[in-house]
Amino acid sequence: KTYSEPFRPQFHFSPEKKWMNDPNGLLYYKGIYHLFYQYYPEDIVWGPMHWGHATSTDLIHWKHHKIALFPDKLGYIFSGSAVVDVNNTSGLGTLKNPALVAVYTYHNMDIEKAGGINAQSQGLAYSLDEGENWSKYQGNPIIENSDLKDFRDPNVFWNKETNTWNLILVSGDHAQFYTSKNLINWTLESEFGKGIGAHGGVWECPNLFKIKVENSIDEKWILLISVNPGAPNGGSGTQYFVGDFDGKNFKTDQKDTKWLDNGADNYAGVTYNDAPDNKRIFIGWMSNWLYARNTPTKNWRSAMTLPREISLSKINNNYVLKNAPVAQLKSQLEKGFSKNLLVLKPKQKTTFNYNNLNQSQIGFSADAKTLKLVFSNDVKDSLVLNYDGKQKTFSIDRRHSGNVNFEPNFGKSIHTTATPNIISETIDYQIILDWSSIEIFLNGGVYSFTEQIFPKKPFTKLTIQSDENQEIKNISIHKIKGIW
Ligand code: FRU
């Protein structure tokens with residue numbers, strides 16, 4: 001049965017069947033969150049790309065819709081974004097019934113096969129029935145490409161400050177910034193990125209947005225850039241830049257490379273246009289190009305991260321982008337187990353038995369000292385999390401977490417992250433496991449870690465230990481209800 005296959009996520013979005021990668025066209029309109037995604041309906045590996053489509057009213061429960069965009073003679077349909085053309089600037093809808101407009105990349109296989117490098121261009125499609133049916137714009141492509149190999153993933157939004165449309169796309173080692181009055185004719189204004197940030201591979205899936213700085217009247221612009229390969233744990237990952245944007249140029253004085261998530265499996269993530277209450281809601285693809293095609297699932301492949309709310313904090317006089325699960329997740333928690341206080345003595349182990357930790361949320365707050373958590377089962381799979389209070393690092397060891405041999409990189413090493421932005425005396429832990437993933441949030445998302453895991457049986461034991469005296473407060477374990 002669908003959604004009960006081995007490793008099938010129970011409360012994360014995954015397609016009913018076949019291959020999925022990046023989230024696309026994240027748009028909120030008339031009470032509905034749209035999620036489009038890179039989709040190949042014929043196989044569980046990447047192929048000619050379509051846009052699949054799902055919707056949600058609460059970001060937790062998803063309804064599948066028919067495929068929104070099919071490849072056409074201009075090419076496969078790669079990643080992109082969507083907006084509501086409220087003022088009918090494009091003339092494709094009416095003021096009464098504005099068009100939903102999707103801007104995406106065409107990848108032309110004929111050009112690629114003939115040895116041409118300019119296989120990618122930008123196309124436009126629109127829907128006049130709230131996203132159900134889509135028509136391609138007759139004049140496609142709307143942004144042509146003369147000589148760039150990588151030229152893709154347009155991110156469009158309405159800039160309230162300049163009353164124009166902005167579009168950001170990536171071209172190999174940099175991003176390009178465009179403006180338009182009508183979503184169709186675009187002017188290249190500037191470029192950003194050469195020699196700054198991580199460049200282990202090509203830049204992909206940009207997303208630019210403005211956000212308030214917590215506890216301040218300041219606002220900053222955030223530029224998300226995915227890069228593959230070149231992420232800290234190998235393969236693909238998403239970095240961000242904090243800066244200013246005047247409608248044409250993005251500037252930053254940032255020197256360091258910042259990562260949105262420090263786990264191995266959060267890629268190509270972008271945020272919703274027009275989400276209510278000025279919220280910035282993020283969804284990432286919960287995989288990594290290093291082994292995305294090899295994960296041990298049947299019928300379908302891969303899932304999205306939980307939708308997360310993004311916020312910006314200043315810590316150690318440095319901007320830190322936080323991300324944590326949307327509050328709506330709380331409605332999925334069943335009445336759980338809780339314990340007010342656990343006092344750990346050095347080397348003493350405390351074990352909690354629980355029937356299925358792979359569909360649960362674990363929360364507690366602990367002294368910012370060394371703490372080791374081991375998830376295990378009776379077939380000797382184990383997943384080890386370790387906060388090292390002296391070195392100030394957090395690590396995830398999934399080397400023995402179950403099925404890890406499907407691809408050599410998956411279980412190769414322990415993933416360790418320096419955590420200088422943990423400056424509190426206690427750390428809040430929020431840990432969420434589904435049948436094939438773990439998401440860890442420290443201090444409300446100051447650090448997040450997202451990883452896939454494929455235990456042969458669900459984890460049923462959680463062992464906690466420290467090498468120091470340690471107090472752990474408000475431990476809770478909640479089952480998370482399935483959504484399918
Ligand atoms: C990122 C990406 C995008 C591209 C899409 C193709 O994962 O490589 O750059 O548009 O996937 O499916």
Side-chain angles (χ1 to χ4, degrees), residues 2-26 35-54 56 59-60 62 64-65 67-68 76-79 153 204-205 226 228-229 231 233-238 260-261 263-270 282-308 325 358-359 398 401-407 409-411 432-439 448-455 482-484:
T2 314
Y3 292 102
S4 57
E5 304 98 324
F7 308 128
R8 177 67 100 156
Q10 298 299 297
F11 55 92
H12 286 80
F13 179 80
S14 62
E16 220 166 334
K17 49 185 199 267
K18 307 303 178 187
W19 168 272
M20 174 179 80
N21 55 292
D22 316 357
N24 294 148
L26 301 185
L35 163 62
F36 301 89
Y37 51 88
Q38 287 287 281
Y39 189 49
Y40 182 43
E42 307 289 331
D43 203 344
I44 59 165
V45 290
W46 191 91
M49 283 289 117
H50 299 54
W51 275 26
H53 184 202
S56 175
L59 290 168
I60 301 293
W62 296 96
H64 295 295
H65 292 259
I67 291 176
Y76 298 173
I77 314 294
F78 274 19
S79 286
D153 304 344
E204 301 187 312
C205 301
S226 284
N228 175 51
N233 302 303
S236 29
T238 301
L260 175 102
D261 190 302
D265 295 298
N266 184 351
Y267 192 60
V270 288
F282 168 95
I283 295 180
W285 173 46
M286 207 153 45
S287 198
N288 187 316
W289 282 116
L290 266 184
Y291 44 71
R293 304 163 185 87
N294 314 92
T295 54
T297 62
K298 294 205 172 74
N299 305 332
W300 94 101
R301 213 174 244 134
S302 87
M304 296 300 180
T305 65
L306 282 174
R308 302 178 185 178
N358 281 89
Q359 202 181 323
R398 65 176 177 185
S401 59
N403 190 337
V404 298
N405 294 327
F406 52 86
E407 203 283 336
N409 287 295
F410 183 83
I432 295 169
L433 291 101
D434 203 336
W435 285 14
S436 52
S437 63
I438 181 163
E439 290 162 288
S448 68
F449 306 87
T450 305
E451 301 231 341
Q452 295 184 86
I453 43 167
F454 301 95
I483 60 168
W484 302 106

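None of these values were measured; they are calculated from a predicted model.
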Check [X] against [Y] and note the closest heavy-atom contact, atom names and distance.
X      : Y      : answer
Tyr39  : Gly52  : CB-N, 3.6 Å
Asp153 : Cys205 : OD2-N, 2.9 Å
Trp435 : Ser4   : CZ3-O, 3.9 Å
Pro23  : Val270 : O-CG2, 4.1 Å
Pro455 : Asn358 : CG-ND2, 3.8 Å
Ser56  : Ile60  : OG-N, 3.5 Å

Residues two or more places apart in sequence or in another chain: which of them pass ring-ring contact (aromatic ring centres under 6.0 Å, His included) with Tyr3?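 If we apply the ring-ring contact (aromatic ring centres under 6.0 Å, His included) test to Tyr3, skipping adjacent residues, the hits are Trp484.
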Which residues satisfy the side chain to side chain donor-acceptor pair (under 3.5 Å) test with Asn21, sequence neighbours excluded?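 Counting only residues at least two positions away or on another chain, Asn21 forms a side chain to side chain donor-acceptor pair (under 3.5 Å) with Trp19.
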Quick one: list whatever passes side chain to side chain donor-acceptor pair (under 3.5 Å) with Glu204, sequence neighbours left out.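 Applying side chain to side chain donor-acceptor pair (under 3.5 Å) to Glu204 gives Arg152, Tyr267.
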Heavy-atom check, side chain of [X] versus side chain of [Y], under 4.5 Å:
X      : Y      : result
Trp62  : Leu59  : yes
Glu407 : Arg293 : no
Ser436 : Pro9   : yes
Asn299 : Thr2   : no
Glu5   : Thr297 : no
Ile438 : Ile432 : no
Lys298 : Ile44  : no
Trp300 : Met20  : no

Is there a side chain to side chain contact (heavy atoms under 4.5 Å, CB included) between Ile77 and His50 once you walk through the steps? CA-CA 5 Å; Ile77 314 294; His50 299 54; 5.9 Å; no
When you measure from the side chain of Arg398 to the backbone of Phe410, do you find a donor-acceptor pair of N or O atoms at a distance under 3.5 Å?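 Yes; judged by distance alone, with no hydrogens or angles, the pair exists.
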Keeping the roles fixed (side chain from Thr238, backbone from Leu260), state whether a donor-acceptor pair exists under 3.5 Å.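 Checked: no pair found.
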Pick out which of Gln452, Met286, Gln10 makes a side-chain contact (heavy atoms from CB on, under 4.5 Å) with Asp434.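 Only one option passes, and that is Gln10.
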With Thr305 as reference, evaluate Phe13, Phe282, Trp285 under the side-chain contact (heavy atoms from CB on, under 4.5 Å) test and give the passing residue.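 Exactly one candidate clears the test, Phe282.
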Excluding sequence neighbours, so at least two apart, what forms salt bridge (charged side-chain N to carboxylate O under 4.0 Å, His left out) with Asp261?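 Applying salt bridge (charged side-chain N to carboxylate O under 4.0 Å, His left out) to Asp261 gives Arg308.
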Classify the side-chain pair Ser448/Glu439 by whether it contains a donor and acceptor separated by less than 3.5 Å.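 No, because no side-chain N or O of Ser448 sits under 3.5 Å from a partner of the opposite role on Glu439.
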Can you sort out the partners of Leu290 under side chain to side chain contact (heavy atoms under 4.5 Å, CB included), two or more places apart, ordered by chain and number?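 Residues passing side chain to side chain contact (heavy atoms under 4.5 Å, CB included) with Leu290: Asn288, Asn409.
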Which distance, rounded to the nearest 0.5 Å, do you find between the CG of Leu306 and the CD1 of Ile283?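 Output value for this atom pair is 9.5 Å.
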About how many Å separate CG of Asn24 and CH2 of Trp51, when rounded to the nearest 0.5 Å?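 Those atoms lie 4.5 Å apart.
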Applying salt bridge (Lys or Arg N to Asp or Glu O under 4.0 Å) as the test, list every pair that has at least one member in residues 10-20; sequence neighbours left out.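 Sorted result for residues 10-20: empty, none.
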Going by the angle between their ring planes, with limits at 30° and 60°, are Phe78 and Tyr76 parallel, tilted or perpendicular?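 Phe78 vs Tyr76 ring planes: tilted.
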Just one of Ser287, Ser79, Ser226 clears the side chain to side chain donor-acceptor pair (under 3.5 Å) bar with Asp22, so which one?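 Output: one option passes, namely Ser79.
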